[in-house]
Chemist: 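Let me begin by handing over the structure; questions about it come next.
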Amino acid sequence: MAPKKIRKAVFPAAGLGTRFLPATKAIPKEMLCLVDKPLIQYGVEEAVAAGCTEIIIVTGRDKAAMEDHFDSSPELEYALAAKGKQKLLDSVHAVSKLAKIIYTRQAEPLGLGHAVLMAKEIVGDEPFCVLLPDDIVDAAVPCMKQMVEAFEQTGSSILASEVIEGPAISAYGVLDCAPDPRDPRLLDVKGMVEKPKLEDAPSNNAIIGRYILTPKIFEMIEQLTPGAGGELQLTDAIKALLQHEKVYGFHYEGKRHDAGDKLGFLKATVSLALKRQDLGPEFREWLKSFPIQ
Ligand code: G1P
């Protein structure tokens, strides 16, 4: 039997964004812009490109700017139309038509697993994807689309993974895994650890912020006890899921930027700006002439 179609994407977006203060004092971290598009929009566009029609954003206090961003904006659209700024009008209009967006709240910051649990009733009994807005994946075929195609083959939960060398591995969930003989991109997952010390990391395959999960995950989250950092960790729930179902790691094609980190955010900005037809050539020339010593 073919696995159920992936229609829903969950975006945990309730975090305080402390790493970007003071920028995120009044603006949600997910609304910080890479070139001219907020982080959350990159993720939502990726989910839509993967076939999702329902976007579930798990928000918290002071996140209203996100809701406004994906809503229609009649005054702005009227003003742009009156000035004949058709291209801008189209871009503004398109954002509000991307997908059906549902907001739910995570009242307390109890961890990523808890944030995903907030979407339980909206997701219901079907597989779904989770995208962490901090992770931006620049890819010819959108990362989540690659994962949905892999899910159509396996019918199992799939975690995007990247090889991370050295002590930086301790910032991630890390897979205990072996290559899958059927597909060089798939990893057969046996276990996983959230934010291990370098010496305890079971491999150098880190989990990055793209997941496809079966609905059984909600039961696993409900049984969680606090893990790393005292939080209800999604990684621990997926580890528990392994007792019931297969889980795969997935080496996607593309370049991930950690836009949740200041340096990563700067690198993402430069990299995406260089790829822009309207800005890239001039920006490249300027960078070349920039006196870096
Ligand atoms: C979260 C997850 C972690 C994963 C990471 C990917 O951690 O808990 O397993 O490797 O996202 O970005 P966070 O970055 O929220 O600390």
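Both ligands and their constituent atoms are indexed starting at 1 by order of listing. Predicted, not measured: the structure shown is a model, and the values here were computed from it.
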Chemist: When you check the side-chain N and O atoms of Gln41 and Glu45, is any donor under 3.5 Å from an acceptor?
Modeler: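 Present: a donor and an acceptor within the cut-off.
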
Chemist: Look at ligand 1 and say whether Leu234 reaches it with a heavy atom at a distance under 4.0 Å.
Modeler: no

Chemist: What heavy-atom pair brings Ala47 and Leu131 nearest, and what distance separates the two atoms?
Modeler: CB-CD1, 4.0 Å

Chemist: If the cut-off is 4.0 Å to any non-hydrogen atom of Lys195, which atoms of ligand 1 fall inside it?
Modeler: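 Counting from 1, the qualifying ligand atoms are 7 (O), 8 (O), 13 (P), 16 (O).
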
Chemist: Can Arg210 and Glu46 be counted as an ion pair, charged N to O under 4.0 angstrom?
Modeler: yes

Chemist: Would you mind listing which atoms of ligand 1 come within a distance below 4.0 Å of any non-hydrogen atom of Gly173?
Modeler: 3 (C), 4 (C), 9 (O), 10 (O)

Chemist: I'd like to check atom 15 (O) of ligand 1 in this structure: does the protein have a heavy atom lying under 4.0 Å from it?
Modeler: no

Chemist: Quick one: which ligand 1 atoms are inside 4.0 Å of a heavy atom on Thr235?
Modeler: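 Selected atoms, number and element: 9 (O).
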
Chemist: Got an N/O contact under 3.5 Å between Asp135 and ligand 1?
Modeler: yes

Chemist: Enumerate the atoms of ligand 1 whose separation from the nearest heavy atom of Gly209 is less than 4.0 angstrom.
Modeler: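 Within the 4.0 Å cut-off of Gly209, ligand 1 contributes 6 (C).
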
Chemist: Checking salt bridge (Lys or Arg N to Asp or Glu O under 4.0 Å) between Glu126 and each of Lys216, Lys120, Arg7, Lys4, which is the one that passes?
Modeler: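 Only one of Lys216, Lys120, Arg7, Lys4 forms a salt bridge (Lys or Arg N to Asp or Glu O under 4.0 Å) with Glu126, namely Arg7.
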
Chemist: Are Asp258 and Lys267 close enough for a salt bridge, meaning some N to O gap below 4.0 Å?
Modeler: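 Salt bridge between Asp258 and Lys267, a charged N being under 4.0 Å from a carboxylate O: no.
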
Chemist: Heavy atoms only: which of Ile207, Asp134, Leu132 lies closest to atom 4 (C) of ligand 1?
Modeler: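 Ranked by closest heavy atom to atom 4 (C) of ligand 1, first place is Ile207.
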
Chemist: Is the backbone N or O of Leu175 less than 3.5 Å from a side-chain atom of Ser203, with the two atoms forming a donor-acceptor pair by type?
Modeler: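 Judged by distance alone, yes, a pair lies under 3.5 Å.
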
Chemist: Using modelled atom types and a 3.5 Å cut-off, is there a donor and acceptor pairing between side-chain atoms of Ser161 and backbone atoms of Ala206?
Modeler: yes

Chemist: Within ligand 1, which atoms have a heavy atom of Gln233 less than 4.0 Å away?
Modeler: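 That gives atoms 8 (O) of ligand 1.
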
Chemist: In the protein, which heavy atom is nearest to atom 9 (O) of ligand 1, and how far is it?
Modeler: Glu194 OE1, 2.6 Å

